[in-house]
Amino acid sequence: MGKIWKTVRMVPVLLALAFVPLIVTAKKYDIGLNGYPQFTNSSTSTDLFLYWKGQALILLAFLMMACLLVSLAKKEWMPEWRRLRSLEILCLGSYLVLSVLSSLLSEYPSFAIWGSYEQWEGMIILLAYGILLLYVYLMVDTEWVIRLVVYGIIAGGFLMGLLGTFQFLGMDLFRGNVGQAIMNLLSEKKMDYTFNFSEGWVYASLYNPNYVGSYAALLLPILVSVALIEWKKLSRFWTMAAMLGACLMTVTLLGSRSLTGCVGVIASVLFLVLYQWRRIIAYLGWKKLIAGAVGLGVFMAAMTVFFPEQAASGTDKLFHPKEDTHMIQQMVSTAEGLKITTTGEKDLYVSLTGEGQAPLKAADSQGKELELVFHEGGNYYTLKEHSYDHVKGGTVIAEPRFYKTVVTVDSMNYDAVRVVDHQFVYEKDKAWTIAKIGNEYRIYNAFKKIDQLCEIPAAGFAGCQHFGDKRGYIWSRTFPLLKDYIVTGSGPSTFTMIFPNNDYVGKMNMNYDGVTVTKPHNMYLQIWTQTGLLSLIAFLLLFFWYFIKSIRLYWNRDLGTVPEKIGMAVMVALFGYMVTGIANDSTVAVAPVFWGMLGFGMAVNRMVADGQ
């Protein structure tokens, strides 16, 4: 009866690790942003990949708490209370308390508590993560339970890898009738869904190919460990499933084109080699090691040859990012007119006069009037002097152009100027429509709304904002926010609200016009801004204390038992995920696996240290 109960109470954990990431079902919801000028006019949207994952996790968290109560009632709750007094649990509690405080003190409490547009990771979800970690930490107490968790990880990785591999081969489940039926499972009105990703580009069931990279970094070390090491300890069925799952997950990772995921996996391998190089050489021998290295080199070369676009795309994001060719950096309304700051740090003032044949005037920062030339064929003005043109290598590649126009807002007509960053080379033109309302210049944006032109603080990545697939731009606008969120943050799932989505010039320069930036593409910046610097410190202490204890624990171990081997594999997997966090966000699509595996790793370490 004891073994049956131990198995039953692990069911919520297995579902969280294996089943939750696979959920794909539509949820129509109110966006709640249409009242803001910098956001979409649409009042509703449909989520396919995140909302119901979160709801399933919340349900499982309640089941875990119920199982804890049953264990208490049966007097079979195995841990002593001292296990809850460890530094890791203290850090976990601090992180969760600060997350709750950030939610309750947030200017956007509804978003912070329940989640928001494209980011369904509110306070309730963060608490569910904490419950999952704590539950796994308390309930994993025997080798049998360790095997159960490993079976769940293998099952989830195999199914996700299978789904991703079929997508890579052009047979996407979700583009067919069965997939459409699954996505419409809870919808009142059946809809035909289309996807932004081209056929052959893997997103699995994780919403974004980048999240596939984070998931693969977590799963591959476990799958490979079981496939290569555990033949005698686990059943042959599960070993073969792990081996096939590792192959499928590798294809899925490559098909996702996630450079971050590849970096995370490579970082895990390098860490393992540096950490256990003596044991690896002794176990494999120099011949097998060299053969494996050669085989890996041949594999990577083959992938480069057969998939040159994907290989080039990945390396270019880091080493050859797209050049910043924009000429206009900022536009702000002033008493002297519309202030336009160029990449050469020169200020140009343009004003609407509405008088006769010269409705526009231009002046430099000293107030000296600049001559405008009217081009009848194109019906636009340019500066006679080229001192404000963007010049590179002696070649003019852009010039400012000005079009006199009129915009209508709420049945009122306003004089306006359309400012165009005309590109002769590289990119299409960038343009902004600026209306004069009273004595103020305001932008008429992509949502056909009027908004103020504000000076947007930026730090870093000057001239290379395309770094990391435009992460350079997002990070440069996020860094200035950090000083405001030391003790508490803006609230979970509220990055959308605090990021300067009214940076109309910067977003247009990145071809983000009309796009809402909802995440910082960095888990650590995400935690800092949303739940505060102190919560980030608590989170990092939680992981690093576990990580340091793991390094010390397995340094001189023979790794002859299942707990020892699995414990080290989990440590390597979690390290890879933390590396992917540098360029990927936390998301309910993948984070439950991370938090569950972190609790699992802590429990296995406890068992190994106690000699179980």
Side-chain angles (χ1 to χ4, degrees), residues 36-38 41 326-390 396 398-424 427-456 500-509 512-514:
Y36 298 90
Q38 66 267 39
N41 284 310
H326 57 270
M327 176 190 64
I328 297 175
Q329 282 194 131
Q330 189 106 255
M331 287 191 286
V332 180
S333 177
T334 69
E336 291 77 23
L338 176 65
K339 179 183 175 182
I340 301 174
T341 303
T342 67
T343 53
E345 300 298 332
K346 292 183 177 181
D347 292 334
L348 169 69
Y349 292 84
V350 175
S351 57
L352 285 160
T353 65
E355 299 173 358
Q357 299 299 314
L360 295 175
K361 285 186 178 181
D364 62 16
S365 58
Q366 305 301 318
K368 178 184 176 182
E369 188 170 341
L370 301 173
E371 186 176 350
L372 290 169
V373 178
F374 181 67
H375 300 263
E376 293 187 8
N379 196 33
Y380 62 87
Y381 296 84
T382 60
L383 293 167
K384 186 174 183 180
E385 295 183 12
H386 292 289
S387 58
Y388 287 89
D389 292 343
H390 184 40
V396 177
E399 70 174 8
R401 294 183 177 182
F402 308 99
Y403 296 75
K404 178 67 173 64
T405 185
V406 174
V407 299
T408 303
V409 180
D410 296 331
S411 302
M412 295 288 292
N413 293 329
Y414 299 99
D415 287 338
V417 57
R418 185 166 177 79
V419 181
V420 177
D421 181 353
H422 178 63
Q423 301 282 315
F424 290 102
E427 294 186 5
K428 64 181 181 180
D429 295 348
K430 299 176 175 66
W432 302 264
T433 300
I434 313 298
K436 186 177 182 182
I437 301 178
N439 294 320
E440 187 177 5
Y441 290 88
R442 298 189 181 186
I443 189 163
Y444 183 70
N445 63 26
F447 304 117
K448 295 181 170 45
K449 298 178 181 180
I450 289 289
D451 199 5
Q452 292 181 322
L453 284 168
C454 303
E455 189 169 345
I456 306 298
N501 274 293
N502 60 341
D503 180 20
Y504 297 106
V505 176
K507 289 172 68 175
M508 176 66 79
N509 287 334
Y512 276 167
D513 191 40

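No hydrogens, no waters, no symmetry mates; every other heavy atom, side chains included, goes into these values. The structure displayed is predicted, hence computed values, not measured ones.
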**Request:** Check whether any side-chain N or O of Trp432 sits under 3.5 Å from a backbone N or O of Tyr504 as a donor-acceptor pair, and report yes or no.
**Result:** yes
**Message:** Which residues pass the salt bridge (Lys or Arg N to Asp or Glu O under 4.0 Å) test with Lys436, not counting sequence neighbours?
**Reply:** none
**Prompt:** Would a 4.5 Å heavy-atom cut-off, applied to side chains only, mark Thr353 and Leu360 as touching?
**Reply:** no
**Message:** What's the separation between atom CD in Gln329 and atom CD1 in Ile340, rounded to the nearest 0.5 Å?
**Reply:** 12.5 Å
**Fill in**
dist Met327:CE -> Leu348:CG (nearest 0.5 Å) comes out at 8.5 Å
**Request:** Kindly write out the residues that satisfy ring pair (Phe, Tyr, Trp, His ring centres under 6.0 Å) with Tyr380, not counting sequence neighbours, or none if the list is empty.
**Result:** His375, Tyr403
**Message:** Just checking Glu336: does its CD atom have more than 12 heavy atoms from other residues, nucleotides or ligands closer to it than 6.0 angstrom?
**Reply:** yes
**Asked** More than 12 foreign heavy atoms under 6.0 Å from CG of Asn413: is that the case here?
**Response** yes
**Item:** Interatomic distance, Asp429 atom CG to Gln423 atom CD [nearest 0.5 angstrom]
**Value:** 7.0 Å
**Item:** Donor-acceptor pair, side chain of Thr334 and main chain of Gly337, under 3.5 angstrom
**Value:** yes
**Prompt:** side chain to side chain contact (heavy atoms under 4.5 Å, CB included) between Leu338 and Val419: does it pass, once the steps are laid out?
**Reply:** CA-CA 10 Å; Leu338 176 65; Val419 181; 4.0 Å; yes
**Asked** Does Glu385 have any salt bridge (Lys or Arg N to Asp or Glu O under 4.0 Å) partners at least two apart in sequence or in another chain, and if so, which?
**Response** none
**Request:** Check whether any side-chain heavy atom of Leu383 sits under 4.5 Å from a side-chain heavy atom of Pro400, and report yes or no.
**Result:** yes
**Prompt:** Do the non-hydrogen side-chain atoms of Thr341 and Lys346 ever get within less than 4.5 Å of each other?
**Reply:** no
Going by atom type alone, with no hydrogens or angles, which donor-acceptor pairs under 3.5 Å involve a side-chain atom of residues 362-371 and a protein atom two or more places apart or on another chain?
residue : atom : partner : partner atom : Å
Asp364  : OD1  : Gln366  : N            : 2.9
Asp364  : OD1  : Gly367  : N            : 3.1
Asp364  : OD1  : Lys368  : N            : 2.8

**Request:** With rounding to the nearest 0.5 Å, note down the distance linking SG in Cys454 to CD in Gln38.
**Result:** 9.5 Å
**Message:** Minimum heavy-atom separation for Leu453 and Met331, please, with both atom names.
**Reply:** CB-O, 3.6 Å
**Message:** Ignoring hydrogens, what is the shortest heavy-atom contact between Ile443 and Gln452? Give both atom names and the distance.
**Reply:** CG2-O, 4.5 Å
**Message:** Any donor-acceptor pair under 3.5 Å linking the side-chain atoms of Asn501 with those of Lys507?
**Reply:** yes
**Asked** How close do Ile434 and Leu352 get, heavy atom to heavy atom, and via which atoms?
**Response** O-CD1, 4.4 Å
**Prompt:** Between the side chain of Asn445 and the main-chain N/O of Phe447, is any donor-acceptor distance below 3.5 Å?
**Reply:** yes
**Donor-acceptor pair between Asp421 and His326 side chains, under 3.5 angstrom** = no
**Item:** Contacts of Thr433 that satisfy side-chain contact (heavy atoms from CB on, under 4.5 Å) - sequence neighbours left out
**Value:** Thr405, Val407, Ala416, Arg418, Tyr444
**Item:** Distance (rounded to the nearest 0.5 Å) between Asn509 CG and Gln330 CD
**Value:** 10.0 Å
**Prompt:** At their closest point, which heavy atom of Ile328 faces which heavy atom of Val505, and how far apart are they?
**Reply:** O-CG1, 3.6 Å
**Message:** I need the minimum non-hydrogen distance between Glu399 and Thr382, along with the two atoms involved.
**Reply:** OE2-CG2, 3.7 Å
**Prompt:** side-chain contact (heavy atoms from CB on, under 4.5 Å) with Phe374: which residues, sequence neighbours excluded?
**Reply:** Glu376, Asn379, Tyr381
**Message:** Please give me the minimum heavy-atom distance between Ser333 and Glu440, naming the atom from each residue.
**Reply:** OG-CG, 3.6 Å
**Message:** Under a 4.0 Å threshold between the charged nitrogen and the carboxylate oxygen, would Lys430 count as salt-bridged to Asp513?
**Reply:** no
**Message:** Within the 4.5 Å heavy-atom criterion, are Asp451 and Arg442 side-chain neighbours or not?
**Reply:** no
**Any Tyr414 side-chain heavy atom under 4.5 Å of Val409 side chain** = yes
